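See below for the structure under consideration.
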Amino acid sequence: MIFNETKLKGCFVLEPTIFNDERGYFYESYNKNKFNDGIRADVDFVQDNQSFSTKGVLRGLHFQSGEFAQAKLVRVLNGSVLDVAVDLRKSSQTFGQYFSIVLSSENKKQLFIPRGFAHGFAVLSNTADFFYKCDNYYNSSSEGGIIYNDQQLNIDWKISKDDMKLSSKDLELPTFKDALLC
Ligand SMILES: Cc1cn([C@H]2C[C@H](O)[C@@H](COP(=O)(O)OP(=O)(O)O[C@H]3O[C@H](C)C(=O)[C@H](O)[C@H]3O)O2)c(=O)[nH]c1=O
């Protein structure tokens with residue numbers, strides 16, 4: 001597994017070692033010791049999530065605040081997405097900056113998003129099965145979010161606005177500025 005830290009401190013791109021043979025392939029998608037060594041931190045994942053979406057679906061930008069903040073290790077089982085992590089850590093030198101990457105069943109890349117980030121993704125393929133590990137439990141009353149087209153963040157989602165499909169909840173999310181005031 002190769003770990004590359006992004007410009008956002010603590011946020012890493014992981015590239016697994018794939019063992020191919022005449023039957024297909026095998027790889028370790030998660031190994032606690034190798035993972036914690038790779039990101040130089042001790043993370044205990046407690047919840048796995050999975051979602052299925054069709055082309056153009058955009059889920060996010062979401063986060064959980066306070067003691068229920070979640071770190072996430074995300075990957076795509078089938079299809080491809082543009083995955084986006086936004087640094088919400090007010091003391092960070094990259095506060096308000098984002099990192100985006102195409103995650104796909106083809107490239108088998110993963111993104112580790114530490115606590116203190118907002119997360120979202122847009123589906124680039126016809127369908128996508130999205131899988132992620134969280135280091136804190138779901139807590140609906142701690143949920144927060146930022147509107148996907150926030151002017152200050154200016155995220156390029158790589159899909160046209162006409163093709164985007166968002167939940168009514170996500171369409172009503174606050175701006176970056178307003179989300180951080182609460
Ligand atoms: C996140 C979550 C949701 N739910 C329930 C709540 C709703 O009744 C239903 C759908 O939830 P939601 O519309 O928030 O699902 P997504 O839009 O995929 O939300 C996720 O999208 C982005 C990409 C994220 O990074 C977050 O993990 C998460 O917010 O599942 C649960 O029961 N447990 C959970 O952990």
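Order of listing sets the numbers, starting from 1, for every ligand and every atom in it. One is the number of the first residue; the rest follow in order along the sequence. Computed from a prediction, not measured in an experiment: that's the story for all the values here.
Of all the heavy atoms of V74, none lies under 4.0 Å from any atom of ligand 1, so neither backbone nor side chain is involved.
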*Please lay out, stage by stage, how K165 and T54 fare under the test side chain to side chain donor-acceptor pair (under 3.5 Å).*
CA-CA 9 Å; K165 293 182 259 182; T54 53; 2.9 Å; yes
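At least one heavy atom of Y132 sits under 4.0 Å from some atom of ligand 1. Every heavy atom of Q70 sits 4.0 Å or more from the atoms of ligand 1.
Sorted by first and then second residue, the salt bridge (charged side-chain N to carboxylate O under 4.0 Å, His left out) pairs with a member in residues 113-140 read D48-K133, R115-D135; sequence neighbours excluded.
Within the listing of ligand 1, atoms 23 (C), 24 (C), 25 (O) sit less than 4.0 angstrom from a heavy atom of H119. Residue-ligand proximity, F121 to ligand 1, at heavy-atom distances under 4.0 Å covers atoms 23 (C).
The shortest contact between atom 7 (C) of ligand 1 and any protein heavy atom is with Y138 OH, 4.7 Å. Taking atom 22 (C) of ligand 1 as the reference point, the nearest protein heavy-atom neighbour is H62 ND1, 3.3 Å.
Distances from atom 16 (P) of ligand 1 to the heavy atoms of E143, R59, K72 put R59 nearest. Of the candidates K169, Q64, Q47, it is Q47 that places a heavy atom closest to atom 35 (O) of ligand 1.
For F19 and Y27, the ring centers sit 6.0 Å or farther from each other. In this structure, H119 has its ring center no closer than 6.0 Å to that of Y148.
Protein heavy atoms are absent from the 4.0 Å sphere centred on atom 10 (C) of ligand 1. Closer than 4.0 Å to atom 33 (N) of ligand 1 lies at least one heavy atom of the protein.
A pairwise comparison of heavy atoms in F45 and A71 identifies CE2-O, 4.3 Å as the closest pair.
The pair D150-K177 does not meet the salt-bridge criterion, since no charged nitrogen lies less than 4.0 angstrom from a carboxylate oxygen.
Looking at residues two or more places apart in sequence or on another chain, you find a side-chain contact (heavy atoms from CB on, under 4.5 Å) between V46 and Y137.
Proximity of a side-chain donor or acceptor of Q152 to a complementary backbone N or O of F176 within less than 3.5 Å is not detected.
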